[in-house]
Trainee: 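Mind looking over this structure? Questions follow.
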Amino acid sequence: MMTEPLEGLTPAEARLWDAFRRGDPCDLRTGDPELDDPAADLEWDASRTVRAIVVARLLLDGPGREPGRVAALKLAGALLTGVLDLSGGQVRPYVELRDCRFDCRLLLPEAHFSTLRLLRCAVPRVEAARLSTEGDLHLPRCTVPGGIRLTDAHIGTDLLLNQLVVGQDRSGQAISADGLTVAQDMEAELVEAAGEISLRSARIGGRLSLRGSTLRNPYGRYALNAARVTVEHTLYLSSGWLSGHLDGGTPPVGVRTRRFSCEGGVRLDDGRFGNAVIADKARFHLVGAQTLSLRRIQTPELRLTLDEPPSGRISLAGARVGNLTDARSSWPGAGGIDLAGFSYESLAPQGSFPLSRRIAWLADATPEYNPDPYETLAQALRGSGEDSQAREVLLAKQRRRRETLPLAGKVWGCLQDVTVGYGYRPGRAALWMAVLWAVGALYFAGRPAPPPVDEQAWPHWNPALLALDLLLPFADLGQSNAWRLSGAAQWIAAGMNLLGWMLATTVAAGASRLLRRG
């Protein structure tokens, strides 16, 4: 361990060297907000310049601490010249840089820190693949025009990126963090990103918050690519609140907010979310083949409550959701929704979402007939006690199915629809039976009694009882088999018998459903 400072230190570097041993801040700021803005294109005074090699020497092989003090690097308002290369290094002291400007990229691949905090710094690019920290990694309010690489990094507690302004690298990625592991929360609120944010196979131990962020990658495939991400708590794609406070949370009442906005595709395919996925009042601007893709996600709750539908396609194919909270305004029109294999257990619409529009939503999601979305919706409605609405959905399913049948099937389907509502309107079947009974009774009453089958039995002629006997296939009232009908009466009797079978079966099925609900 070195005990003496390097030779040739500038006054600013010597000041930093001494402050490091005591764990004190070394503040080189002027007090002028314009001059102290690291992102401003201004010349910095030489008295505020610190060479990157001096910082590296302090962090990797620095002097011993003063007795009773803890060595730490706390630097503010400095211009760091040269490449700060800590690749593979073991950095034990606490590191905090505020309002600093780097003239070259920051290299941290495979470095190990206790805690690393860069607050409101300007860095051309951050290379930190396989970085590990025991505590936090903070980059709030930083400006990084060349992008950030955190592939396979391991963050011991929280990752804080609030109000970060980040550009893209040569491959079009703003934040490349595939395989990232964060033990607790990842806060990326009010971020402005120009390029793709990639979190494929990342694991977040708490929540992943993108509240109020603006993601722009209109000419790429994805603005947010988080396929196979695992979030133990909640993913927030909702409004963030504008203030000087860096922490996240629910916006207080009356505070100004900014909505989450995304220009480019979103991919959450195969994601696992322990609590919920919340996209509330978010805006998705999609072009071409870009989609809002939530294929095969698993979450106890999906809240998709948008003021306007995405300009592209939403895919929930194969997704498994506990409770679906949506709004009528969330969904695009015909051809813009994919619900194949999408399952949910309950439904809680926000605002007015009448059943007729819900059925139209299913039609928009199934350009080609698919019974599964209808049955899923019916099951969810039945589970919440809306049995009559569930029957309406299943009736709509049968009508959609009828469109795919040949002419004979369509004719038969229309007959079933008009007479019994495909069995989902048993009251209509009972009404038809009453009408047919009355018509049959009047018809037979207006004709002379036909000859009996057995002249020795001398049956009593009863037109009303005969019509009822023909309509009730499960009962024998002693009339339909007692008379020898001929001509038109024989055809009418056969027709009543066929209709009776169909209508009686429908009434029995409806009664059975009522008993099961009871």
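A quick note: this is a predicted structure, and the numbers were derived from the prediction, not measured.
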Trainee: In Å and rounded to the nearest 0.5 Å, what is the CD to CD distance from Q184 to E232?
Mentor: 12.5 Å
Trainee: Would you say that more than 12 heavy atoms from the other residues, nucleotides or ligands in this model lie under 6.0 Å from the CZ of R105, or not?
Mentor: no
Trainee: Any pair with a residue in residues 314-323 that passes side-chain hydrogen bond (donor to acceptor under 3.5 Å, both in side chains), sequence neighbours left out, goes on the list, sorted by first then second residue, please.
Mentor: R295-S315, N323-T325, N323-S346
Trainee: I would like to know whether E96 and K74 meet salt bridge (charged side-chain N to carboxylate O under 4.0 Å, His left out); could you show each step before the answer?
Mentor: CA-CA 5 Å; E96 181 179 301; K74 302 176 182 178; over 6 Å; no
Trainee: Decide if atom OH of Y219 counts as having more than 12 heavy atoms of other residues, nucleotides or ligands within a radius under 6.0 Å.
Mentor: no
Trainee: Could you name each residue pair satisfying salt bridge (Lys or Arg N to Asp or Glu O under 4.0 Å) that touches residues 374-383, not counting sequence neighbours?
Mentor: E375-K397, R382-D387
Trainee: Give a yes or no answer on whether the side chain of S384 reaches the backbone of L381 with a donor-acceptor pair at less than 3.5 Å.
Mentor: yes
Trainee: Considering non-hydrogen atoms only, spot the tightest contact between A12 and T49 and give its length.
Mentor: CB-O, 3.9 Å
Trainee: Taking the basic N atoms (NZ, or NE/NH1/NH2) and the acidic carboxylate oxygens, is any pair closer than 4.0 Å for R69 and D24?
Mentor: yes
Trainee: Among T376, L377, N370, which residue meets the side chain to side chain contact (heavy atoms under 4.5 Å, CB included) test with P373?
Mentor: N370
Trainee: What are the two closest non-hydrogen atoms of I359 and A396, and how far apart are they?
Mentor: CG2-CB, 3.7 Å
Trainee: I need the L160 CG to I155 CD1 distance, nearest 0.5 Å.
Mentor: 11.5 Å
Trainee: So do the side chains of L164 and L190 get within less than 4.5 Å of each other, counting heavy atoms only?
Mentor: no
Trainee: Stepwise, does the side-chain hydrogen bond (donor to acceptor under 3.5 Å, both in side chains) test hold for T30 with D32?
Mentor: CA-CA 5 Å; T30 65; D32 186 330; 5.5 Å; no
Trainee: Would you please say whether a donor-acceptor pair under 3.5 Å links the side chains of D178 and S198?
Mentor: yes
Trainee: Going by distance alone, is a donor N or O of one side chain under 3.5 Å from an acceptor N or O of the other, for E189 and S209?
Mentor: yes
Trainee: Does the pair E263/R283 count as a salt bridge with the N-to-O cut at 4.0 Å?
Mentor: no
Trainee: Please check this pair: side chain of R117 against backbone of T115, looking for a donor-acceptor N/O pair closer than 3.5 Å.
Mentor: no
Trainee: Do you know the tightest heavy-atom contact between G195 and Q168?
Mentor: CA-OE1, 3.5 Å
Trainee: Could you tell me whether the side chains of Q290 and H285 share a donor-acceptor contact shorter than 3.5 Å?
Mentor: no
Trainee: How many angstroms lie between atom CG of L199 and atom CD1 of I175, to the nearest 0.5 angstrom?
Mentor: 7.5 Å
Trainee: Above 12 or not: heavy atoms from other molecules or residues under 6.0 Å from CZ of R221?
Mentor: no
Trainee: Kindly determine whether V70 and Y94 satisfy side-chain contact (heavy atoms from CB on, under 4.5 Å), including the steps that lead there.
Mentor: CA-CA 9 Å; V70 177; Y94 171 87; over 6 Å; no
Trainee: Okay, side chain of D136, backbone of T157: is any donor-acceptor separation there less than 3.5 Å?
Mentor: no
Trainee: Do D185 and I204 touch side chain to side chain, with heavy atoms closer than 4.5 Å?
Mentor: no
Trainee: Working to the nearest 0.5 angstrom, can you tell me the gap between T291 OG1 and L286 CG?
Mentor: 7.0 Å
Trainee: Using ring-ring contact (aromatic ring centres under 6.0 Å, His included) as the criterion, list what pairs up with Y344, not counting sequence neighbours.
Mentor: F342
Trainee: Regarding S293 and D269, do their side chains bring together a donor and an acceptor under 3.5 Å, going by distance alone?
Mentor: yes
Trainee: Which heavy atom of F113 sits nearest to which heavy atom of L108, and what is that distance?
Mentor: CZ-CD2, 3.8 Å
Trainee: Other residues, nucleotides and ligands only: do more than 12 of their heavy atoms fall within 6.0 Å of CZ on R92?
Mentor: no
Trainee: Is any NZ, NE, NH1 or NH2 atom of the basic residue among E13 and R15 found under 4.0 Å from an Asp or Glu carboxylate oxygen of the other?
Mentor: no
Trainee: Roughly how far, to the nearest 0.5 Å, is the CD atom of E196 from the CZ atom of R267?
Mentor: 9.5 Å
Trainee: Looking at R29, R101, R98, R48, which one forms a side-chain hydrogen bond (donor to acceptor under 3.5 Å, both in side chains) with D36?
Mentor: R48
Trainee: For a 4.5 angstrom cut-off between non-hydrogen side-chain atoms, does V50 reach V55?
Mentor: yes
Trainee: Would you say the side chain of P63 lies within less than 4.5 Å of the side chain of L58, judging by non-hydrogen atoms?
Mentor: yes
Trainee: Side chains of C121 and L119, heavy atoms from C-beta outward: is any pair under 4.5 Å?
Mentor: no
Trainee: Does D169 reach the side chain of R125, with side-chain heavy atoms less than 4.5 Å apart?
Mentor: yes
Trainee: Any donor and acceptor pair, going by atom type alone, linking the side chain of D103 with main-chain N or O of G82 inside 3.5 Å?
Mentor: yes
Trainee: Please enumerate all residues that pass salt bridge (charged side-chain N to carboxylate O under 4.0 Å, His left out) together with D280, with sequence neighbours excluded.
Mentor: none
Trainee: Take a 6.0 Å sphere around CD of Q379 and say whether it holds more than 12 heavy atoms from other residues, nucleotides or ligands.
Mentor: no
Trainee: What do the steps show when you test L28 against L16 for side-chain contact (heavy atoms from CB on, under 4.5 Å), and what is the final call?
Mentor: CA-CA 9 Å; L28 304 179; L16 174 62; over 6 Å; no
Trainee: Any side-chain heavy atom of R207 sitting closer than 4.5 Å to one from E187?
Mentor: yes
Trainee: Report the relative orientation of the aromatic rings in W361 and W331; use parallel for angles under 30°, tilted for 30 to 60°, perpendicular for over 60°.
Mentor: tilted
Trainee: Any side-chain donor paired with an acceptor under 3.5 Å for S201 and R228?
Mentor: yes
Trainee: Does W44 have any ring-ring contact (aromatic ring centres under 6.0 Å, His included) partners at least two apart in sequence or in another chain, and if so, which?
Mentor: none
Trainee: Ignoring hydrogens, what is the shortest heavy-atom contact between I314 and S330? Give both atom names and the distance.
Mentor: CD1-O, 3.7 Å
Trainee: Considering non-hydrogen atoms only, spot the tightest contact between I297 and L268 and give its length.
Mentor: CG2-O, 3.1 Å
Trainee: Does any non-hydrogen side-chain atom of F260 lie less than 4.5 Å from one of L215?
Mentor: yes
Trainee: Check whether NZ of the Lys or CZ of the Arg R211 lies under 6.0 Å from the centre of the six-membered ring of Y236 and within 45 degrees of that ring's axis.
Mentor: yes
Trainee: Let me confirm one number: the CZ-CD distance from R22 to E66, rounded to the nearest 0.5 Å.
Mentor: 5.5 Å
Trainee: Say whether R400 and T366, considering side chains only, have a donor N or O and an acceptor N or O under 3.5 Å apart.
Mentor: yes
Trainee: Please collect all salt bridge (Lys or Arg N to Asp or Glu O under 4.0 Å) contacts where either partner lies in residues 346-364, sequence neighbours excluded, each pair once.
Mentor: D326-R358
Trainee: Could you walk me through whether V166 and L161 pass the side-chain contact (heavy atoms from CB on, under 4.5 Å) check?
Mentor: CA-CA 10 Å; V166 59; L161 304 176; over 6 Å; no
Trainee: Could you tell me whether D307 and R259 make a salt bridge, using a distance below 4.0 angstrom between a side-chain N and a carboxylate O?
Mentor: yes
